[in-house]
Amino acid sequence: MKPTEILMHEHQIILLVLKGVEREANRILETSSVNAEKVSQIVDFFRNFTDKCHHGKEEKHLFPRMEQCGIPRDGGPIGVMLYEHEEGRAFVRRMAELLEKLNTGDDSLKNELANTMLGYTELLTAHIDKENSILFPMGDNVLTENDQKELVEAFERIEREEMGKGVHEKYHELGHKLAEE
């Protein structure tokens, strides 16, 4: 399996969660009620699976290797993806801050929380589409067979050493749970 295929599979899980997040945000707007436990799980999923695991693979390994193969960072698609990763982190931080304030009884922030969730959903959905349809095919065209093999090994190290045994599977299960509710 190519490293881009691994990442595209992870994108499928993330997109499932984003559909659940959109449903939850719309439910908050309609009912003015926040399921704090669910929103907390959403934040956890995005911080650990989407950012630490998935974006970690891209930022630490795939993007630098693509740069070495001639795909520019500055003024190019890699720079755009990195910028969007930072935008996404800001959305997730804001979700966590709003949830914390809501947990202390400040109910005036429910709509802002829902709109932040929807903003992140919009950003990440478009981001994933750009990676799948533009950046990853570019990478597949320039990465050698050896590059691909080394990247898969690096991704496996992230799973094993940075995430820990069974953590990837835990977040896959959580992702499916969040998508279904």
> Who else is in Tyr83's hydrophobic cluster (ILVMFWY, side-chain heavy atoms under 4.5 Å, direct or via others)?
Replying inline: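 Via sub-4.5 Å side-chain contacts, Tyr83 links to none.
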>> Other residues, nucleotides and ligands only: do more than 12 of their heavy atoms fall within 6.0 Å of CD on Glu161?
In response: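 Yes.
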> Are Ile128 and Phe136 connected, step by step, through hydrophobic side chains (Ile, Leu, Val, Met, Phe, Trp, Tyr) whose heavy atoms are closer than 4.5 Å?
Replying inline: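 In one cluster: no.
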> What's the verdict on side chain to side chain contact (heavy atoms under 4.5 Å, CB included) for Val167 and Phe49, showing C-alpha distance, side-chain angles and the deciding distance?
Replying inline: CA-CA 9 Å; Val167 174; Phe49 184 81; over 6 Å; no
Sequence-distant partners of [X], side-chain hydrogen bond (donor to acceptor under 3.5 Å, both in side chains), two or more places apart:
X: Lys60; result: Glu162
X: His127; result: Glu84, His85, Glu131
X: Ser108; result: Asp106
X: Asp44; result: Asn48, Tyr171

Pairing residues for [X] by the salt bridge (Lys or Arg N to Asp or Glu O under 4.0 Å) criterion, not counting sequence neighbours:
X: Glu153; value: Lys149
X: Arg27; value: Glu24
X: Glu86; value: Arg89
X: Glu22; value: none

Contacts under 3.5 angstrom, residues 117-126 side chains, donor-acceptor by atom type, not counting sequence neighbours:
residue : atom : partner : partner atom : Å
Thr121  : OG1  : Met117  : O            : 2.8
Thr125  : OG1  : Thr121  : O            : 2.7

>> Looking at Glu97 and Arg94, is there a salt bridge between them, counting it only when a charged N and a carboxylate O are closer than 4.0 Å?
In response: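 Yes, charged N to carboxylate O under 4.0 Å.
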> Would Leu135 and Lys130 count as a side chain to side chain contact (heavy atoms under 4.5 Å, CB included) if you check the C-alpha gap in whole Å, the side-chain angles of each, and the deciding distance to 0.1 Å?
Replying inline: CA-CA 7 Å; Leu135 187 63; Lys130 286 182 252 184; over 6 Å; no
Closest approach of [X] and [Y], non-hydrogen atoms and distance?
X: Leu174; Y: Gln41; result: CD2-O, 3.9 Å
X: Ser33; Y: Ile28; result: O-CG1, 3.4 Å
X: Ser32; Y: Lys110; result: O-NZ, 2.8 Å
X: Cys53; Y: Ile158; result: O-CG2, 4.3 Å

> Does anything in residues 1-11 pair up under salt bridge (charged side-chain N to carboxylate O under 4.0 Å, His left out), and if so which pairs, sequence neighbours excluded?
Replying inline: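 Passing the test, one end in residues 1-11: Glu10-Lys57.
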>> Looking at Lys101, is its backbone amide N or carbonyl O close enough to the side chain of Thr104 to form a donor-acceptor pair, meaning the two atoms are under 3.5 Å apart?
In response: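 Confirmed, Thr104 side chain pairs with Lys101 backbone.
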Donor-acceptor pairs are to be reported for all side-chain atoms of residues 65-73 against protein atoms at under 3.5 Å, with residues two or more places apart or in another chain.
residue : atom : partner : partner atom : Å
Arg65   : NE   : Gln68   : OE1          : 3.4
Arg65   : NH1  : Asp147  : OD1          : 2.9
Arg65   : NH1  : Glu150  : OE1          : 2.9
Arg65   : NH2  : Glu150  : OE1          : 3.0

> Is it the case that His176 and Glu180 place a side-chain donor and acceptor less than 3.5 Å from each other?
Replying inline: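 On atom types as modelled, these side chains do not qualify, holding no pair under 3.5 Å.
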>> If the test is side-chain contact (heavy atoms from CB on, under 4.5 Å), which one of His11, Glu59, His168 qualifies with His54?
In response: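 Considering His11, Glu59, His168, a side-chain contact (heavy atoms from CB on, under 4.5 Å) with His54 is found only for His11.
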